[in-house]
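Written out below as structure tokens is the structure these notes cover.
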Amino acid sequence: MVTGGAPGRPPIDTSLVRRLVDSQFPQWAELPLERFEPAGSDHVIHRLGADLAVRLPRHAGALGQARKDFEWLPRLAPHLPLAVPVPVAVGEPGFGYPWAWAVTRWLDGEAATVHALGDSSEAAVELAGFLSALQGFAPGETSSLGARQDLTGLPLAARDRATRAAIAEVDGVFDADAMTEVWNAALSAPDWDRPPVWFHGDFHTGNLLTADGRLHAVIDFGELGIGDPARDLTIAFTLMSAEPRAAFRAALGVDDATWTRGRGWALATGLNAYTAYAADEPRVAAQTTRQITQALLG
């Protein structure tokens with residue numbers, strides 16, 4: 001079945017992926033190829049043989065990830081306490097598909113769930129350890145990389161217009177006054193005034209894998225960058241209940257201003273996903289409803 005095809009979203013089906021793989025990487029032409037579901041909103045994913053995955057961006061917003069992963073993940077991996085994707089190759093446009101795409105090692109595991117880990121302070125502290133390790137990666141390099149556009153990301157304030165519009169749109173579903181209060185506080189909080197650190201950039205429940213009931217891997221580093229680590233606090237509101245959230249904050253040593261900005265990131269990204277996908281995807285509706293509600297609780 002063809003997926004995509006909407007404006008800005010090229011059609012992607014298994015036959016296209018097969019042709020791209022076979023023409024560019026003939027060493028894998030004999031490996032079976034099977035579409036993987038559920039995938040995220042940014043990539044169409046196929047499993048290639050037992051050990052590989054093929055990831056094609058669905059839209060232009062995700063088109064830089066293949067090369068970014070290839071550059072940085074092999075350097076990050078030895079410093080991190082959880083597994084991360086292992087890039088194998090970067091494919092080129094072809095057969096009408098316009099963008100670079102990726103082949104990575106297949107990571108076994110199940111998607112993390114609130115049911116399994118939401119009440120676990122142990123998991124919360126483990127995630128704090130992951131972020132601490134990420135933030136400490138190659139600190140001497142951050143000043144020289146600070147000007148790279150692909151590593152800076154947009155500031156929280158850049159989401160102001162869209163977030164206020166989303167608050168108005170979902171008024172009646174959620175408390176608009178409470179959302180506005182959280183959002184205003186986040187924008188008014190003091191900025192990060194320490195040296196820039198590395199952040200994952202899209203650190204939420206859907207980008208965690210578990211194995212045997214324990215955290216195993218972190219995936220989808222498309223928003224990887226350096227700057228304010230507040231955006232990675234989103235995980236505290238997508239995954240954790242109140243007690244683990246407190247343990248996470250304490251283990252990471254988050255100050256009040258950064259926590260306030262983190263709530264703003266959780267609210268803004270939750271609203272963005274809710275307004276874009278919740279009407280058609282019940283799974284996203286449930287996840288983002290929880291994210292928004294927990295961000296309001298703090």
Side-chain angles (χ1 to χ4, degrees), residues 1-77 83-112 149-151 153 200-209 217-225 269 272-273 276-277 280-281 283-284 287:
M1 179 178 66
V2 173
T3 63
R9 291 177 175 256
I12 303 169
D13 62 15
T14 301
S15 65
L16 168 67
V17 180
R18 180 84 270 174
R19 284 183 289 162
L20 287 168
V21 169
D22 292 357
S23 63
Q24 297 185 33
F25 304 107
Q27 68 270 34
W28 298 322
E30 301 303 318
L31 295 179
L33 184 74
E34 183 179 2
R35 183 183 172 93
F36 176 77
E37 293 286 6
S41 58
D42 291 338
H43 292 84
V44 173
I45 300 173
H46 284 71
R47 189 165 186 173
L48 180 63
D51 299 321
L52 299 173
V54 184
R55 295 166 51 87
L56 274 69
R58 295 179 188 267
H59 56 81
L63 64 86
Q65 184 170 349
R67 292 193 170 94
K68 183 190 280 189
D69 284 358
F70 202 82
E71 178 180 3
W72 290 109
L73 291 187
R75 300 167 69 179
L76 278 168
V84 299
V86 178
V88 176
V90 175
E92 299 298 330
F95 301 105
Y97 182 77
W99 301 316
W101 47 281
V103 181
T104 66
R105 294 291 177 194
W106 182 263
L107 269 174
D108 283 322
E110 302 290 333
Q149 186 175 5
D150 66 327
L151 294 176
H200 178 280
D202 197 19
F203 203 56
H204 60 76
T205 308
N207 286 334
L208 303 178
L209 298 181
V218 178
I219 61 174
D220 206 346
F221 282 75
E223 299 298 321
L224 177 72
T269 56
N272 178 70
Y277 301 110
D280 300 316
E281 300 187 24
R283 177 177 59 89
V284 175
Q287 291 173 344

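Just so you know, these numbers use all the heavy atoms, side chains as well, and skip hydrogens, waters and symmetry mates. The first residue in the sequence is number 1, and the count goes up from there.
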Practice item. For the residue pair Val86 and Leu73, establish whether any side-chain heavy-atom pair is separated by less than 4.5 Å. Key: no
Review point. Going through the distances and angles, do Leu48 and Val21 end up as a side-chain contact (heavy atoms from CB on, under 4.5 Å)?
Key: CA-CA 9 Å; Leu48 180 63; Val21 169; 4.1 Å; yes
Review point. Should Leu107 and Pro85 count as side-chain neighbours, where that means a heavy-atom distance under 4.5 Å?
Key: yes
Review point. Tyr97 vs Trp99 aromatic rings, parallel, tilted or perpendicular, using cut-offs 30° and 60°?
Key: perpendicular
Exercise for review: Determine, using ring centers only, whether His46 and Phe36 are less than 6.0 Å apart.
Suggested key: no
Check your understanding: Between Arg55 and Gln65, does a side-chain contact (heavy atoms from CB on, under 4.5 Å) hold up when you go through it step by step?
Key -> CA-CA 10 Å; Arg55 295 166 51 87; Gln65 184 170 349; 3.4 Å; yes
Point to revise | Separation between CG of Asn207 and CG of Asp202, rounded to the nearest 0.5 Å | key: 5.0 Å
Check your understanding: Any side-chain heavy-atom pair from Leu33 and Thr14 closer than 4.5 angstrom?
Key -> yes
Practice item. Take atom CZ of Arg105 as the centre, draw a 6.0 Å sphere, and report whether it contains more than 12 heavy atoms from other residues, nucleotides or ligands. Key: no
Exercise for review: Ignoring hydrogens and angles, tell me if any N or O in the side chain of His43 forms a donor-acceptor pair with the backbone of Ile45 under 3.5 Å.
Suggested key: no
Review point. What is the distance from atom CD of Glu110 to atom CG of Leu208, rounded to the nearest 0.5 Å?
Key: 13.5 Å
**Study point:** Test of ring centre spacing under 6.0 Å for Trp101 and Phe70
**Key:** no
Check your understanding: Stepwise, does the side-chain contact (heavy atoms from CB on, under 4.5 Å) test hold for Val54 with Leu56?
Key -> CA-CA 7 Å; Val54 184; Leu56 274 69; 3.5 Å; yes
Practice item. Output the distance between atom CD (Glu281) and atom CD (Gln287), rounded to the nearest 0.5 Å. Key: 9.5 Å
Review point. For the side chain of His200 and the backbone of Asp220, is there at least one donor-acceptor N/O pair under 3.5 Å apart?
Key: yes
Review point. Does a sphere of radius 6.0 Å around CG in Asp22 hold more than 12 heavy atoms from other residues, nucleotides or ligands, not counting ones at 6.0 Å or beyond?
Key: yes
**Study point:** Test salt bridge (Lys or Arg N to Asp or Glu O under 4.0 Å) applied to Arg67 and Glu92, step by step
**Key:** CA-CA 11 Å; Arg67 292 193 170 94; Glu92 299 298 330; 2.9 Å; yes
Point to revise | More than 12 heavy atoms of other groups within 6.0 Å of Glu34 CD | key: no
Practice item. Check whether any side-chain heavy atom of Phe203 sits under 4.5 Å from a side-chain heavy atom of Val218, and report yes or no. Key: yes
Point to revise | Nearest atoms (heavy-atom pairs only) where Pro26 meets Ser23 | key: CD-O, 4.3 Å
**Study point:** Criterion side-chain contact (heavy atoms from CB on, under 4.5 Å) on Ile219 and Leu209, from CA distance to verdict
**Key:** CA-CA 8 Å; Ile219 61 174; Leu209 298 181; 4.0 Å; yes
Review point. Is there a side-chain contact between Asp42 and Arg58, using heavy atoms and a 4.5 Å cut-off?
Key: no
Study note, to complete from the structure: Taken to the nearest 0.5 Å, the spacing of Asp51 CG from Trp106 CH2 works out to 11.0 Å
Review point. Which distance, rounded to the nearest 0.5 Å, do you find between the CZ of Arg47 and the CG of Leu31?
Key: 11.5 Å
Revision key, fill the gap. CG (Leu224) and CH2 (Trp72) are apart, to the nearest 0.5 Å, by 8.0 Å
